[in-house]
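Computed from a predicted structure; not experimentally measured. Note: hydrogens, waters and symmetry copies are ignored here, and every other heavy atom, side chains too, is used.
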Amino acid sequence: MRSLIPGRPNPDIEAFVGIRGISFNEAAEDLRRKIIQNILAAITIAALALLIVTLSRVVMEGWQPLFAFLWVASGLTVGAYLFRSWLSIGQISLLLWLSWTAMAFGAFVVVGMASMGPVFFMLAVSMAAIGLRLKHVLGLVLLKFILLMGVTFLIQTGRLTPVPSTGLAFLTNPLIWVLHSILLSIASVVVVYATAVLVRFYFEIADRTRQNFYHSLGLMSLARDTETGEHIFRIEDYSEILYELLSEGTYGEDWTPDFDLEKLKKASRLHDLGKISIPDSVLQKPGGLTPEEFEIIKTHTDVGARLIEQIADKCRGVDRETLELARDIARWHHENWTGGGYPDGLSGREIPLAARIVSICDVYDALRSERPYKPAWSHQDTVDEIARMGHKFDPRILDSFMFCQQKFDGVWRRYMRVEESP
């Protein structure tokens, strides 16, 4: 661990963002690219199907000018798929827009207003909206409007007709309706698939935003501390180990968590949020604390709980259940099972289960970590000390810890990149 200059930001915060491969901007961009490529794959299949349909029509009916537009459009889609790794998200969206616009314009010019042109135009706007900014999408919509006005002018001047020159025979041709049905089916599949993928995209973005929210709040507690961001993730992993053991119901319903694991992991990140209120002279003091300084340290539990309550009250759309769990942990993770802890002197099952779980995890990690006032302890010394401090912990949780304490050591070694002993 690195000691810090008092009053300076923690230099390991930047590294914290990189733990577990987290880079928020890159993650969001990778997710957007994954979504657009999934949609592109589906549209490419549709383009290949369109090629097969039009080639079969060439065999059955002979060449028609409309096929040139369809093949150009399909070629643009296939090209976008083949070169997707070299293209930006915006470029892929623009190529898809061009593809469907080419089909729409070709349908209007060759077949007239009784064509699939309106459907193709609608799909073109959808493709542009996937990866382009709103102002660019609106610009493309305006361009399409100009194209439509041009087609309308050509119809008005007699250069184009609203229906093909064959008139009613075109509209009553069964093959035409078969083609239209196929194209409508393709368009429907593309729209439904793209919508489903985009919904999943927004859900993932919302989930990552929530994750970032708890990451950011957790970072606040480390901003002036000597601990690194890995401390938060280790607490998460220790809590998960105990949660899974308690979830087996070995100790009965009273000791079986009634909250979700993911909520516990996010809530545990905020257990020391109140430390942002502790002066550097106390928080980073290299020696032991005086009774007065220890009283100051103890206030971080109440401050953290009140901060979380205010966040829950003032931030719309937050997960209140997770924040309530975080508040309980922040306030009561320093209480003792037999009483005498702080800030409220709770005992036994008066202490929320989530706080009891995080309590033993926090003590284990604190003892294993180097701090300004002590060196890092070995795993065995830490386990022995926790056993000696048995009065502090829920006996069932202490039993669970003793049963799985080697897993705690495994978590520590993994984050500290220490090889297992032979």
Side-chain angles (χ1 to χ4, degrees), residues 21-55 66-108 116-148 182-209 212:
I22 296 172
S23 176
F24 301 148
N25 292 335
E26 291 180 7
E29 191 66 17
D30 288 345
L31 184 56
R32 288 183 67 216
R33 177 168 288 277
K34 179 180 177 182
I35 295 303
I36 193 74
Q37 289 187 355
N38 283 351
I39 295 173
L40 177 60
I43 297 173
T44 301
I45 294 173
L48 293 174
L50 186 60
L51 282 172
I52 293 172
V53 169
T54 51
L55 286 172
L66 175 60
F67 297 156
F69 288 95
L70 299 181
W71 291 348
V72 168
S74 298
L76 285 171
T77 300
V78 173
Y81 181 79
L82 293 176
F83 296 100
R84 63 191 183 281
S85 300
W86 292 275
L87 298 173
S88 68
I89 294 173
Q91 289 169 334
I92 292 174
S93 293
L94 184 60
L95 281 174
L96 293 177
W97 178 86
L98 284 171
S99 172
W100 290 97
T101 298
M103 284 194 274
F105 193 65
F108 277 130
M116 295 289 289
V119 175
F120 293 153
F121 267 145
M122 176 195 70
L123 284 170
V125 174
S126 298
M127 295 304 103
I130 291 173
L132 297 176
R133 295 182 180 275
L134 178 60
K135 63 180 181 181
H136 297 147
V137 175
L138 292 177
L140 293 176
V141 170
L142 177 62
L143 179 58
K144 280 193 208 176
F145 178 76
I146 294 171
L147 289 174
L148 282 173
I182 292 173
L183 293 178
L184 276 172
S185 299
I186 292 173
S188 299
V189 168
V190 168
V191 170
V192 170
Y193 180 78
T195 302
V197 171
L198 283 173
V199 167
R200 181 162 60 87
F201 165 73
Y202 290 126
F203 274 120
E204 289 193 38
I205 285 293
D207 183 62
R208 292 195 181 199
T209 301
N212 294 352

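By the 4.5 Å heavy-atom criterion applied to side chains, L76 and W100 are not counted as neighbours. Under the 4.5 Å side-chain criterion, counting only non-hydrogen atoms from C-beta, L143 is in contact with W97. Using a 4.5 Å heavy-atom cutoff, the side chains of L140 and T101 are not in contact.
We find the CG-CD distance between L132 and Q91 to be 10.0 Å, quoted to the nearest 0.5 Å. A distance of 8.0 Å separates OH of Y81 from CD1 of I45, quoted to the nearest 0.5 Å. The CG atom of L94 lies 11.0 Å from the OG atom of S99; values are rounded to the nearest 0.5 Å. The CD1 atom of I89 lies 11.5 Å from the CG atom of L40; values are rounded to the nearest 0.5 Å.
Across A102 and A73, no two heavy atoms sit closer than the pair CB-CB, 4.2 Å.
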**Item:** Evaluation steps, side-chain contact (heavy atoms from CB on, under 4.5 Å), between L96 and T77
**Value:** CA-CA 6 Å; L96 293 177; T77 300; 4.2 Å; yes
